[in-house]
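In listed order, ligands and their atoms are each counted from 1.
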Amino acid sequence: MIDLLVAGGGPVGLAAAIAARLAGLDVTVLEPRSGTIDKACGEGLMPGALPLLARLGAYPVGHVIAGIGYRDATASIDHRFAGGHGLGVRRTVLHSTLAARADALGVVRVQGKLRSLEQNNESVSAAGIRARWLLGCDGLHSSVARLTGLALAAPLHGRRYGIRQHFMTAPWSDLVEVHYGSSTELYVTPVAADMVGIAMLGPQGASFDTAVAAVPAVADRLHGAETLSDRRGAGPFRQRTRGRVSGRVLLAGDASGYVDALTGEGLRLGFEQVHAAVASIVDGRPERYEREWRAITREPRMVTSGLVAWAGSPLRSGLVPAAARVPKFFGAVVERLAR
Ligand SMILES: Cc1cc2nc3c(=O)[nH]c(=O)nc-3n(C[C@H](O)[C@H](O)[C@H](O)COP(=O)(O)OP(=O)(O)OC[C@H]3O[C@@H](n4cnc5c(N)ncnc54)[C@H](O)[C@@H]3O)c2cc1C
């Protein structure tokens with residue numbers, strides 16, 4: 001029997017496996033996909049994510065992000081991070097960095113999908129592997145959350161999705177630019193000296209091409225630029241869980257519940273949860289993780305839910321002008337989310 005089985009070899013699952021190995025646990029990661037894993041993501045690592053990765057000894061190569069700028073046709077507001085920079089990192093680079101570190105530490109990575117699980121007082125079994133603990137890091141549509149009964153039905157109304165693609169062009173800003181359209185947001189993230197990632201967030205069926213064309217400041221720069229990746233989508237974003245712990249099973253990352261990509265702190269939160277989950281597993285006190293998960297996510301969940309509600313309301317067009325009128329408040333909100 002091993003100490004920990006991690007379901008899902010995305011960034012949060014690999015970070016969990018590394019943290020657990022560093023704490024002296026035997027760890028196996030179960031992931032259905034082979035090779036270097038890509039995923040629809042805005043790819044902005046908030047400043048607070050970087051020390052969490054450094055603690056794991058897995059610091060990826062990326063492009064410095066100095067802050068966040070909100071724009072619409074009538075107003076704009078920029079905030080430069082006060083306490084250190086963020087990093088735009090291709091998901092493939094993030095995956096390779098974390099996977100290499102996990103391999104170097106002796107994490108066992110197995111290709112396979114968790115389809116069922118059984119647990120008793122001493123162990124959890126899934127995919128033919130028996131472990132003292134199971135950590136579900138299997139993303140937005142988590143099988144682990146569903147099989148443990150921790151998943152709640154996702155809301156049917158106001159569903160939002162994301163699509164991303166990369167373009168070969170030198171970044172024109174050291175900020176993540178967020179362009180608010182009438183129903184979609186376009187995120188421009190510098191990820192390399194010659195590459196930007198464009199992520200569109202919006203309702204089901206929103207067109208990436210239409211969203212880009214509606215923002216001349218972006219469309220003009222991308223005109224004629226070579227595409228460096230296929231379009232990939234994800235969603236619906238909002239996923240809810242009733243709790244994060246069921247016996248010997250814990251949830252982290254998107255699997256533990258997700259609000260929206262609007263505020264771009266998903267990876268930072270996932271890495272923070274991982275450190276808390278592993279510490280509570282080492283101490284054999286999973287109930288402590290539930291408390292810490294709530295503390296880690298309370299404020300971001302509140303801010304992101306509020307912004308999503310505003311962005312989905314008839315007052316949407318007032319969001320950027322309102323932020324521009326209160327730059328100190330805007331800056332304070334960004335700083336809270338970036339920590
Ligand atoms: C359009 C978009 C833009 C975003 N922008 C940002 C941003 O700029 N900054 C940021 O921090 N976050 C952003 N996010 C959020 C971020 O992408 C997620 O929070 C992050 O990927 C969560 O990582 P994870 O490891 O929990 O899940 P994932 O990255 O989804 O990884 C889950 C893994 O589990 C595997 N899996 C699935 N089912 C099973 C199973 N049954 N058994 C075993 N394995 C399984 C999958 O193959 C996958 O590899 C964005 C998201 C979207 C969609």
Side-chain angles (χ1 to χ4, degrees), residues 5-17 28-50 52-53 62 65 68 86-91 94-95 98-99 109-117 126-127 129 134-147 160-165 176 178 184-191 197-202 206 208 231-239 251-274 277 297 300 304 337-338:
L5 173 61
V6 178
V12 174
L14 289 173
T28 294
V29 174
L30 182 69
E31 163 61 49
R33 289 188 282 168
S34 61
T36 305
I37 297 176
D38 202 355
K39 177 194 174 280
C41 186
E43 302 179 328
L45 286 176
M46 291 287 138
L50 302 181
L52 297 168
L53 285 169
I65 296 173
I68 311 279
L87 216 52
V89 180
R90 270 296 276 123
R91 285 292 293 238
L94 184 60
H95 182 264
L98 288 163
R109 294 196 288 135
V110 172
Q111 191 174 357
K113 187 167 184 163
L114 184 145
R115 296 179 195 279
S116 64
L117 66 88
I129 301 166
L134 169 67
L135 187 55
C137 302
D138 50 342
L140 275 186
H141 308 290
S142 168
S143 300
V144 178
R146 181 173 42 80
L147 291 165
R160 282 168 45 90
Y161 297 76
I163 301 175
R164 73 91 174 104
Q165 189 165 35
V176 172
V178 186
T184 55
E185 303 91 49
L186 218 52
Y187 283 65
V188 184
T189 308
V191 290
I198 308 286
M200 181 205 75
L201 314 184
F208 187 89
R231 282 184 199 168
R232 262 174 201 266
F237 289 138
R238 196 180 286 264
Q239 303 292 334
L251 301 174
D254 288 5
S256 67
Y258 191 68
V259 179
D260 200 277
L262 191 75
T263 38
E265 79 286 17
L267 288 164
R268 197 262 296 165
L269 289 179
F271 297 147
E272 219 173 320
Q273 290 162 12
V274 149
T297 61
T304 307
L337 291 167

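Among Pro11, Ala199, Ala261, Gly197, the residue whose heavy atom sits closest to atom 50 (C) of ligand 1 is Ala261.
Ranking protein heavy atoms by distance to atom 2 (C) of ligand 1, first place goes to Cys41 CA, 3.7 Å. Protein heavy atom closest to atom 39 (C) of ligand 1, with residue, atom name and distance, is Asp138 CB, 3.5 Å. For atom 30 (O) of ligand 1, the nearest protein heavy atom (residue, atom name, distance) is Lys39 CE, 3.4 Å. From the protein, the heavy atom lying nearest to atom 10 (C) of ligand 1 is Gly264 O, 3.4 Å. Of the protein's heavy atoms, Glu31 OE1, 2.6 Å lies nearest to atom 49 (O) of ligand 1. Closest protein heavy atom to atom 9 (N) of ligand 1: Gly44 O, 2.8 Å. Residue, atom and distance of the protein heavy atom nearest to atom 32 (C) of ligand 1 are Cys137 O, 3.5 Å. Protein heavy atom closest to atom 42 (N) of ligand 1, with residue, atom name and distance, is Leu114 N, 3.0 Å.
Here is the list of ligand 1 atoms found below 4.0 Å of a heavy atom in Glu43: 7 (C), 8 (O). Heavy-atom contacts of Leu30 reach the following atoms of ligand 1: 43 (C), 44 (N) (cutoff under 4.0 Å). With ligand atoms numbered from 1 in the order given, ligand 1 contributes 26 (O) to contacts under 4.0 Å with heavy atoms of Gly253. If you number the atoms of ligand 1 from 1 as listed, the ones under 4.0 Å from a heavy atom of Gly139 come out as 27 (O), 30 (O), 32 (C). Of all atoms in ligand 1, listed by their number and element, those nearer than 4.0 Å to a heavy atom of Lys113 are 40 (C), 41 (N), 42 (N). In the vicinity of Ala234, heavy-atom distances shorter than 4.0 Å reach the ligand 1 atoms 53 (C).
Put simply, CG on Leu94 and SG on Cys41 are 8.5 Å apart, with the number rounded to the nearest 0.5 Å. Going from atom CZ of Arg232 over to atom CD1 of Ile163 covers 13.0 Å, rounded to the nearest 0.5 Å.
The pair Asp138-Arg146 fails the salt-bridge criterion, with no side-chain N (NZ, NE, NH1 or NH2) lying under 4.0 Å from an Asp/Glu carboxylate O.
Glu265 and Thr304 share a side-chain donor-acceptor pair at under 3.5 Å.
The distance criterion of under 3.5 Å between nitrogen or oxygen atoms is met by Val12 with respect to ligand 1. Backbone and side-chain nitrogen or oxygen atoms of Phe237 are examined, and none is located within less than 3.5 angstrom of a nitrogen or oxygen of ligand 1. The N/O atoms of Gly42, backbone and side chain alike, include one that comes under 3.5 Å of an N/O atom in ligand 1. Taking only nitrogen or oxygen atoms, main chain and side chain alike, Arg33 reaches within less than 3.5 Å of ligand 1. For ligand 1, the polar-atom distance check finds an N/O of Asp254 within less than 3.5 Å of one of the ligand's N/O atoms.
The closest approach between any non-hydrogen atom of Glu265 and ligand 1 is below 4.0 Å.
Residue Asp38 forms a side chain to side chain donor-acceptor pair (under 3.5 Å) with just one option from Arg33, Arg91, Arg90, and that option is Arg90.
At a heavy-atom cutoff of 4.0 Å, ligand 1 is contacted by the side chain of Tyr258 but not by its backbone. Counting heavy atoms closer than 4.0 Å to ligand 1, residue Arg91 contributes side-chain atoms (C-beta onward) but none from N, CA, C or O.
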